[in-house]
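All values reported here derive from a predicted model rather than from experimental measurement. Numbered from 1 within each chain, the chains take letters A, B, ... in sequence-line order. Hydrogens, waters and symmetry mates play no part in the numbers below; they use all other heavy atoms, side chains included.
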Protein chains: 2
Amino acid sequence: MASQTSPTAARTTRPSADSTRDRILAAAVDLFSERSFEGATTREIAARAGVTQPLLNYHFRSKEHLWHAAVEDIFGELTQALSARIEGLRGVDELSVAKLIVREFIYFSAAHPQLHRIIMQECKVDGARMDWLVDRHIRPIYEQTVSLFTRLVERGDIPDVPATHIYYVITGAGATMFVLAPECRRLAGFDPLEHQAVEVHADVVTTLLFGS
Amino acid sequence: MASQTSPTAARTTRPSADSTRDRILAAAVDLFSERSFEGATTREIAARAGVTQPLLNYHFRSKEHLWHAAVEDIFGELTQALSARIEGLRGVDELSVAKLIVREFIYFSAAHPQLHRIIMQECKVDGARMDWLVDRHIRPIYEQTVSLFTRLVERGDIPDVPATHIYYVITGAGATMFVLAPECRRLAGFDPLEHQAVEVHADVVTTLLFGS
DNA sequence: AAGTTATCTGATCATACGATCAGATAACTG
DNA sequence: CAGTTATCTGATCGTATGATCAGATAACTT
């Protein structure tokens, strides 16, 4: 029997190394982010993973399930990275925590452009996948961020800026830039990542947000 | 014989009203922007235009040609709108022209979110359509904008900001916001267009760019 | 070793999709 | 009006794609 997982269920039941399945997931993350759901074919994903196409339907009920698992995978990594960062900052004041979390997010975005690319590719009108993505992954992070920044504003630690603006700066200026690097190169022959290290970019965003 | 047009040829040979063809083009612009090239089917486009599917292949050689014609259409409207604005400003100083052109661009973006949506949907890795789109439409506008702003900077009319930053503010903050309104609503139950008139948003961007 | 389950493949199916074509209808021309 | 061209449709084709299935192979259990 295939190890069927529901689209929303995190992959935690079998912790052992399942390298073939993982390779398929990695290939799916890559191709879905590069070409969107409709633009990526299961054969292409299989080829990149070095397996045959029917194997995808063995490990995942359908292409749609595979997409959900892939998104679960990449967003799980993000959540884990952020949690680990917070965990390592017990006792530190919330302002410093916020600064370091934003940095962590930018670093992750630079290292995993697939994450923002997938979001971008799913920005379709009346898209069910986008609804799921927002509900399950984006909103939780968004609300945590907003509540953290709201506390900092109330405490007078940072200037009072609308929460949506904060989020816009972080995700937009802070992360999407890395994703749009290829388009930037296409347009102006200029790649932001070549001229500016991630750390420098993180500095800019931090200054923008925290005014320091 | 079908009125075949090459993908890059502007539709200027037959100026008379061709309402069916125009309805197909409008439907194509809508659906390509809502669902991307691969996500939109020719049958769906035909249905929205109120015609049968084979008619698309009569007016356009292929789905790819239809996409090019649709992009040609919407970007042609933009170019025309900007040109008309410039035409009506003969003799006006370049700083005022720049301000009004930026406004015009934001108004157009708000009225035609399909334009930025199409760009967004074609942000794929190694996408031939994106290459064409940048070469034929985006770069010309980009270079014109940059050269205009460069002159203003040299003249000391506006603060010295890197050209790419200028373009980023205009297109990013200025226009993409309207396109991402559905996602904004999805995420935070907040639609920027409901809370903020286009004029107000244009004010914000203008202030950001021209510091006045 | 034998039995059992998990993993993987080749062959194939059903369908959705873009394209084609013969022919109908409408519009235009002389 | 007759002839011609432009416009449009129903039927159909070829193919790409996601899914299925029987069976092979590997791994694991007792």
Contact class for Ala46(A) (heavy atom, under 4.0 Å): base, sugar-phosphate, or nothing? nothing
Given [options], which nucleotide is nearest the side-chain atoms of [X]?
X: Thr41(B); options: dG10(C), dG18(D), dC17(C); value: dC17(C)
X: Thr42(B); options: dT17(D), dG18(C), dG10(C); value: dG18(C)
X: Lys63(A); options: dT9(D), dG18(D), dG18(C); value: dG18(D)
X: Gln53(A); options: dC17(C), dT20(C), dA19(D); value: dA19(D)

Gln144(A) CD: over 12 foreign heavy atoms closer than 6.0 Å: no
d([atom1], [X]; [atom2], [N]) in whole Å:
X: Glu38(B); N: dT17(D); atom1: CD; atom2: P; result: 11 Å
X: Arg21(B); N: dA26(C); atom1: CZ; atom2: P; result: 23 Å
X: His59(A); N: dT20(D); atom1: NE2; atom2: C1'; result: 16 Å
X: Glu44(B); N: dC17(C); atom1: CD; atom2: P; result: 8 Å
X: Leu66(B); N: dG18(C); atom1: CG; atom2: P; result: 10 Å
X: Leu55(B); N: dC8(D); atom1: CG; atom2: C1'; result: 6 Å
X: Asn57(A); N: dT7(C); atom1: CG; atom2: P; result: 15 Å
X: Trp67(B); N: dA19(C); atom1: CH2; atom2: C1'; result: 20 Å

Output yes when at least one side-chain N/O atom of [X] is less than 4.0 Å from OP1 or OP2 of [N], else no.
X: Tyr58(B); N: dC8(D); answer: no
X: Thr52(A); N: dC8(C); answer: no
X: Ser62(B); N: dG18(C); answer: no

On the 0 to 90° scale, with breaks at 30° and 60°, tag the Trp132(B)-His68(B) ring pair as parallel, tilted or perpendicular. perpendicular
May I ask you to establish whether Arg129(B) and Phe37(B) are in a cation-pi arrangement, using a distance under 6.0 Å from NZ or CZ to the six-membered ring centre and at most 45° from the ring axis? yes
Ring center gap for His116(A) and Phe105(A) short of 6.0 angstrom: yes
Is any side-chain N of the basic residue among Arg48(B) and Glu34(B) closer than 4.0 Å to the acidic one's carboxylate O? yes
